[in-house]
Amino acid sequence: MGENDLLCADVGGTSCDISVVTAGEPFVNTSFELEHDLVVNALANDISSIGAGGGSIVHIGADGEIQVGPDSARAEPGPACFDRGGTQPTTTDTCLMIGILDPDGFAGGEVAIDRDLAQRAFESLDTSFTLPERVRYAYEMAVNNMAEGLFNVAIKNGVDPRDYSLVAFGAAGPMLLPAVLDAVQCKEAIIPPSPGLFSALGLLSADQVFTVNRSAYLMLDGANAERIDAIFTDMERELREQISDADAQVHRSMDAHLVGQSWETPFVPVPDGTVDADAVAAMVTSFHDTYQARSGNRFEAMPVEGVTFRVRAVLATDKIEYPKLAARGDEPLTPTGTRTLRYLGDISDGGEGAQTAQVYDRESLRFGDVLPGPAIVNEGLSTTHIGAGQTATVGEYGQIVIRRN
């Protein structure tokens, strides 16, 4: 699509997993949190998880307020509407009560969901809120939790979400994430084809990467140029012995810090070729550039110390190719029907806040189609909700791009 600055959010049953892509590259870190407070020292894309998904449980807080998550109904017993023993309302029950989900067409009609069970679960909450208020506030809290998570990740990475597109995937992402646009102020929300399979398709497209590291605390000055050159030469020879593919792309980098710092700035680019005094000077400049990009500060007067030197070889993998979608001919875009969405409009004085949404089948969409909200787009593994005040446009690869009016 040519969009290189992305906030990515994968919403499933229990979590919303958020990451950042800047200038076409994901943010890679030297460690990741496997579970809360369980840190693993291994290279990984930096992904932040919050307890917000389709199975997040709606409950009443200590002060009587509506809360959503982080506890989840999980696959078993699942949301109340699944009729598998769950009795607590979840975000999925919320969307069913609103009308975003179709009880007769959920998961392509293969999974039965019961609106009466969802309503019974909401009525069981120990609160004085009316039913419309319970559903409306549960929806707003679910959306707010995701908006807060996205905003926090953007700020942590030093990016302005107004410059980024939000990629919404996972089975529940297209159902919930377009509603965060007003709060997060991303340029647009992009719903890729087959959003429920998007992570799996990405994994199949991932390049193979082989990495060799050497730890050595060395001041980055001309006196250490020969030692640094020997480290990179040895690592590259080791990599070439492991990988026979001559087409492998080899990249150098280092983790370094200002002298006295406890934490390193990772993946500072290192020039190819012989490391001499000029190359070391370039490494120092590269460190300050990377440090400034990550932290917003620059301290050129302070000496820099290399900590870990890295060489990685990248073997390209065949990528998933999305076929281009044909443009619509003379036949006009026609919705498959309409659906009443409740509780999203004015619910004061006991009203249901009803809206009428056009319903479309994603397989019938064509390149260039324009879908004004409110609208619902159904497909086998996901549901896309285009809110009032939003308009969706279908792109050439079948992506649905949603923008605020």
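Note that the coordinates shown come from a computational prediction; the quantities given were computed from them, not determined experimentally.
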(request) Answer yes or no: does atom CD of Glu321 have more than 12 heavy-atom neighbours from other residues, nucleotides or ligands under 6.0 Å? (result) no
(request) State, to 0.1 Å, how close Ala183 and Ala147 come at their nearest heavy-atom pair, and which atoms those are. (result) CB-CB, 3.9 Å
(request) Provide the closest heavy-atom pair for Gln88 versus Asp93 in the form atom of the first, atom of the second, distance. (result) O-OD2, 3.8 Å
(request) Kindly give the heavy-atom pair with the smallest separation between Asp369 and Leu333, and that separation in Å. (result) OD2-CD1, 3.8 Å
(message) Main chain of Pro178, side chain of Gln390: is a donor-acceptor contact present, judged purely on distance under 3.5 Å?
(response) yes
(request) Using atom types as modelled and distance alone, determine if a side-chain donor or acceptor of Thr383 lies under 3.5 Å from a backbone N or O of Leu101. (result) no
(request) Indicate yes or no for a side-chain donor-acceptor contact from Glu25 to the backbone of Ala23 under 3.5 Å, with no hydrogens or angles considered. (result) no
(message) Quick check on Arg294: does its CZ atom have over 12 non-hydrogen neighbours (other residues, nucleotides or ligands) under 6.0 Å away?
(response) yes
(request) Any chance you could measure Ile190, atom CD1, to Arg403, atom CZ, to the nearest 0.5 Å? (result) 8.0 Å
(request) Answer yes or no: is there a side-chain heavy-atom contact under 4.5 Å between Pro89 and Leu125? (result) yes
(message) Nearest 0.5 angstrom please: Ile243 CD1 to Glu241 CD, how far?
(response) 11.5 Å
(message) For the CG atom of Asp83 and the CD1 atom of Ile113, what is their distance to the nearest 0.5 Å?
(response) 12.0 Å
(request) Could you tell me whether the side chain of Arg252 reaches within less than 4.5 Å of the side chain of Val275, counting heavy atoms only? (result) yes
(request) Dump the intermediate steps for side-chain contact (heavy atoms from CB on, under 4.5 Å) on Ile347 and Glu133, then the final yes or no. (result) CA-CA 7 Å; Ile347 59 172; Glu133 289 172 336; 4.0 Å; yes
(request) Compare every heavy atom of Tyr164 with every heavy atom of Val21, then report the nearest pair and how far apart it is. (result) O-CE2, 3.4 Å
(request) Would you mind reporting whether Val20 and Asp46 have side-chain heavy atoms less than 4.5 Å apart? (result) no
(request) Give a yes or no on whether Gln242 atom CD has more than 12 heavy-atom contacts from other residues, nucleotides or ligands under 6.0 Å away. (result) yes
(message) Taking the side chain as everything from C-beta on, heavy atoms only, tell me whether Glu188 gets closer than 4.5 Å to Ser165.
(response) yes
(message) Quick one about Asp17 and Ser49 (side-chain donor to acceptor, distance below 3.5 Å, no hydrogens or angles considered), yes or no?
(response) yes
(request) For the pair Lys187 and Asp5, find out whether any cationic side-chain nitrogen is under 4.0 Å from an anionic carboxylate oxygen. (result) no
(request) Look only at the side chain of Arg120 and the backbone of Ala80, and say whether a donor-acceptor pair between them is shorter than 3.5 Å. (result) no
(message) Can you confirm whether Arg298 is buried at CZ, in the sense that more than 12 heavy atoms of other residues, nucleotides or ligands lie under 6.0 Å from that atom?
(response) yes
(request) Anything under 30° is parallel, anything over 60° is perpendicular, the rest tilted; go ahead and classify Tyr217 against His257. (result) tilted
(request) Evaluate the criterion side-chain contact (heavy atoms from CB on, under 4.5 Å) for residue pair Arg310 and Asp255; output intermediate values, then yes/no. (result) CA-CA 8 Å; Arg310 305 180 185 276; Asp255 301 350; 2.4 Å; yes
(request) Mark yes or no for whether Arg134, through its side chain, and Glu123, through its backbone, hold a donor-acceptor pair below 3.5 Å. (result) yes
(request) State, without any angle test, whether Ser19 and Asn45 hold a side-chain donor-acceptor pair at a distance under 3.5 Å. (result) no
(request) Show your working on side-chain contact (heavy atoms from CB on, under 4.5 Å) between Phe198 and Asp10 and close with a plain yes or no. (result) CA-CA 9 Å; Phe198 196 60; Asp10 180 351; over 6 Å; no
(message) Would you say that Val68 contacts Thr91 through its side chain, given a criterion of any heavy-atom pair below 4.5 Å between the two side chains?
(response) yes
(request) Could you tell me the separation between the OG1 atom of Thr233 and the CZ atom of Arg237, rounded to the nearest 0.5 Å? (result) 7.5 Å
(message) Within this structure, what is the CE-OH distance for the pair Met302 and Tyr291, rounded to the nearest 0.5 Å?
(response) 8.0 Å
(request) Over all heavy atoms of both residues, which pair between Met146 and Cys16 is shortest? Give the atoms and the distance, please. (result) CG-SG, 4.3 Å
(request) Evaluate the side-chain proximity of Thr384 to Tyr360: yes if any heavy-atom separation is below 4.5 Å, no if none is. (result) no
(message) Could you check whether Thr274 and Asp229, counting side-chain N and O atoms only, form a donor-acceptor pair closer than 3.5 Å?
(response) no
(message) Just checking Asn405: does its CG atom have more than 12 heavy atoms from other residues, nucleotides or ligands closer to it than 6.0 angstrom?
(response) yes
(message) Please give me the minimum heavy-atom distance between Pro271 and Ala282, naming the atom from each residue.
(response) CG-CB, 4.4 Å
(request) Please check if the distance between the ring centroids of Tyr137 and Phe129 is under 6.0 Å. (result) yes
(request) Would you confirm whether Asn224, through its side chain, and Leu220, through its main-chain N or O, come within 3.5 Å as a donor-acceptor pair? (result) no
(request) Nearest 0.5 Å please: distance from the CG atom of Leu117 over to the CZ atom of Phe82. (result) 11.5 Å
(message) I want to know whether Tyr397 and Tyr322 have ring centres closer than 6.0 Å.
(response) no
(message) So if I apply the side chain to side chain contact (heavy atoms under 4.5 Å, CB included) rule between Val180 and each of Asp182, Val184, Leu176, which one comes out positive?
(response) Val184
(request) Mark yes or no for whether Arg115, through its side chain, and Met97, through its backbone, hold a donor-acceptor pair below 3.5 Å. (result) yes
(request) Verify side-chain contact (heavy atoms from CB on, under 4.5 Å) between Leu315 and Phe210, making sure each step is shown before the conclusion. (result) CA-CA 8 Å; Leu315 296 178; Phe210 300 84; 3.6 Å; yes
(request) Check whether any side-chain N or O of Arg342 sits under 3.5 Å from a backbone N or O of Val135 as a donor-acceptor pair, and report yes or no. (result) no
(request) Taking the side chain as every heavy atom from C-beta outward, state whether Gln208 and Thr317 have any pair of such atoms under 4.5 Å apart. (result) yes
(request) Before accepting this row, confirm whether a basic side-chain N of the pair Asp207/Lys319 lies closer than 4.0 Å to the acidic partner's carboxylate O. (result) yes
(request) State whether the side chain of Arg136 and the backbone N or O of Asp346 hold a donor-acceptor pair below 3.5 Å, judged by distance alone. (result) no
(request) For Phe27, look at atom CZ and say whether over 12 heavy atoms of other residues, nucleotides or ligands are found less than 6.0 Å away. (result) yes
(request) Check the surroundings of atom CZ in Arg214: do more than 12 heavy atoms from other residues, nucleotides or ligands lie under 6.0 Å from it? (result) yes
(message) Within a 6.0 Å radius of atom CG on Asp318, are there more than 12 heavy atoms belonging to other residues, nucleotides or ligands?
(response) no
(message) Looking at Asp104, is its backbone amide N or carbonyl O close enough to the side chain of Asp102 to form a donor-acceptor pair, meaning the two atoms are under 3.5 Å apart?
(response) yes
(request) Please examine the side chains of Leu43 and Phe267, heavy atoms only from C-beta on, and report whether any two atoms are closer than 4.5 Å. (result) yes
